Amino acid sequence: MAVFDDLIGQDQAVAVLSRAAAAAGEVVEGGRGAGMTHAWLFTGPPGSGREHAARAFAAALLCPDGGCGHCDQCHQVFIGSHPDLESVRPEGLSYSVKQTRELILRAAGAPTQGRWRVILFEDADRATESAANALLKAIEEPPPRTVWLLCAPAPDDLMITIRSRCRVVNLTTPAAEAVAHVLATRDSVPPEVARFAARAAQGHVSRARALALDEGVRRRREAVLSIPRSLTGVGECVSAAERLVKTAEEEAAAATAMLNESETAELRKLYGEGSTGKGLNRGLVRGGAGALKELEDRQKSRATRIKRDSLDSALLELVSFYRDVLAMQFGAGVELANDDLRFDLDQLAKASTPEETLRRIDAIMQCRERLAANVNPQMAVEAMMLALRS
Ligand SMILES: [Zn+2]
């Protein structure tokens, strides 16, 4: 079906999902629909397109033609406005039990369009323990027309009790050639640029597309990958750390600004902001100020999460750089992720030993761990830069 066309290099998953969608169609027609399951778990490394695959499956379930890709139903699924698709992602660093309970209540309703009620739970591994327990109860006894689609990096990221009730769809990292081919044929990217973007993104389809089409994304990558050669002294290390953290902050601010504004406006409307109100809370009916404060807290923790994600992807880019250096030092004939920087890679490969390169990769991985453990970003990144230099 057309909705699965974008799942590059995922033939096995597509076969499973297509069969299940056909079975789901039978159920809607009053048949038995053998092979239809009420709880699914989409797993795969970052960039393998877990959420995208889950969304495509949702479209296949909700579209009267099994996922044609161009009808109203399909379109609504992809822009996120379908009344029978509830798409949730953690606004903060984790799902709270309160959020999960509200979701379960909504999930229990009958489908408005008579087909399915689909709950797409992104980053299900971020559910807190009590939230996961609430989720488990919902999955154990699903209403007849409710389908849960959970997404997580690996099956082990979920409690075994939840995992064992889900059918697992494992997605793999697509080959660079497959990604380049899609960029060239569907997004009309010149073949040369498509190959570069696919290689640099290491199988991450949406990242590859962003690199191919967005000049800003390419510039940020260049800035990150120019760091290794800039670390000539302690002062340079400190300023490189500052730059990296600041870039992540700016990215997070840009990604959240518009979202925050529309959420706040909506909430104000809900609580009946007075037409003369100019101050922050003036004119809101009782309870409005509290709700606004709650929204602001959620927005803050979302910004923190996006900032952390953006910093993490910059660190992974640095890892790919040093991996290329290591490959050159070992004379391994593998394709380099950062082939466009061959000159820099070659210089560093000659000026250092494989042991040093491994130690540098370790330093980056350690920095990632420290950031995940909430260490002050500037401090953690600074320590890493110093380790990369020496
Ligand atoms: Zn359709």
Side-chain angles (χ1 to χ4, degrees), residues 1-44 47-89 103 106-124 142-151 166-172 174 178-179 181-188 205-206 208-209 213:
M1 266 302 171
V3 283
F4 296 128
D5 284 356
D6 230 15
L7 305 183
I8 301 156
Q10 315 286 359
D11 300 349
Q12 213 179 340
V14 169
V16 171
L17 294 174
S18 304
R19 271 200 302 275
E26 273 178 39
V27 174
V28 173
E29 304 293 323
R32 222 164 49 82
M36 180 51 196
T37 312
H38 288 272
W40 294 77
L41 172 57
F42 292 80
T43 62
S48 57
R50 302 184 290 258
E51 278 85 13
H52 187 80
R55 198 168 284 277
F57 185 45
L61 293 174
L62 296 171
C63 165
D65 289 328
C68 66
H70 50 74
C71 70
D72 275 357
Q73 310 275 334
C74 286
H75 183 63
Q76 285 175 347
V77 167
F78 282 103
I79 63 167
S81 68
H82 197 290
D84 285 330
L85 172 66
E86 189 82 49
S87 175
V88 228
R89 53 183 324 179
L103 175 68
R106 288 200 300 276
T112 60
Q113 318 261 326
R115 294 186 71 85
W116 299 92
R117 190 136 181 82
V118 184
I119 319 294
L120 172 50
F121 206 114
E122 297 180 23
D123 299 328
R145 286 295 183 83
T146 298
V147 182
W148 288 84
L149 310 178
L150 312 183
C151 302
C166 294
R167 193 142 164 223
V168 178
V169 175
N170 186 41
L171 302 162
T172 52
V179 176
H181 178 73
V182 169
L183 292 181
T185 51
R186 273 192 234 159
D187 300 288
S188 312
V205 181
S206 54
R209 190 168 278 136
L213 301 173

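Each ligand, and each atom within it, is numbered from 1 in the order the structure gives. Fair warning: this is a prediction, and the values are worked out from it, not measured in the lab. Position 1 is the first residue of the sequence; numbering continues from there.
- When the salt bridge (charged side-chain N to carboxylate O under 4.0 Å, His left out) test is applied to Arg50, no partner is found at least two apart in sequence or on another chain.
- For the residue pair Ser87 and Arg55, the shortest heavy atom distance occurs at OG-NH2, 3.0 Å.
- At a threshold of 4.0 Å, the pair Glu26-Arg32 does not count as salt-bridged, since none of the basic side-chain nitrogens sits closer than that to a carboxylate oxygen.
- Legend: protein N/O/S atoms lying under 2.8 Å from the Zn ion (ligand 1), waters omitted, number 4.
- Tested against Trp40, the residues Phe121, Phe57, Trp148 include a single ring pair (Phe, Tyr, Trp, His ring centres under 6.0 Å) partner, Phe57.
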Donor-acceptor pairs under 3.5 angstrom involving side-chain atoms of residues 11-18: please list them, not counting sequence neighbours.
| unit_1 | atom_1 | unit_2 | atom_2 | d |
| --- | --- | --- | --- | --- |
| Ser18 | OG | Val14 | O | 2.7 |

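- Scanning for ring pair (Phe, Tyr, Trp, His ring centres under 6.0 Å) contacts around Trp116 gives an empty result, with sequence neighbours left out.
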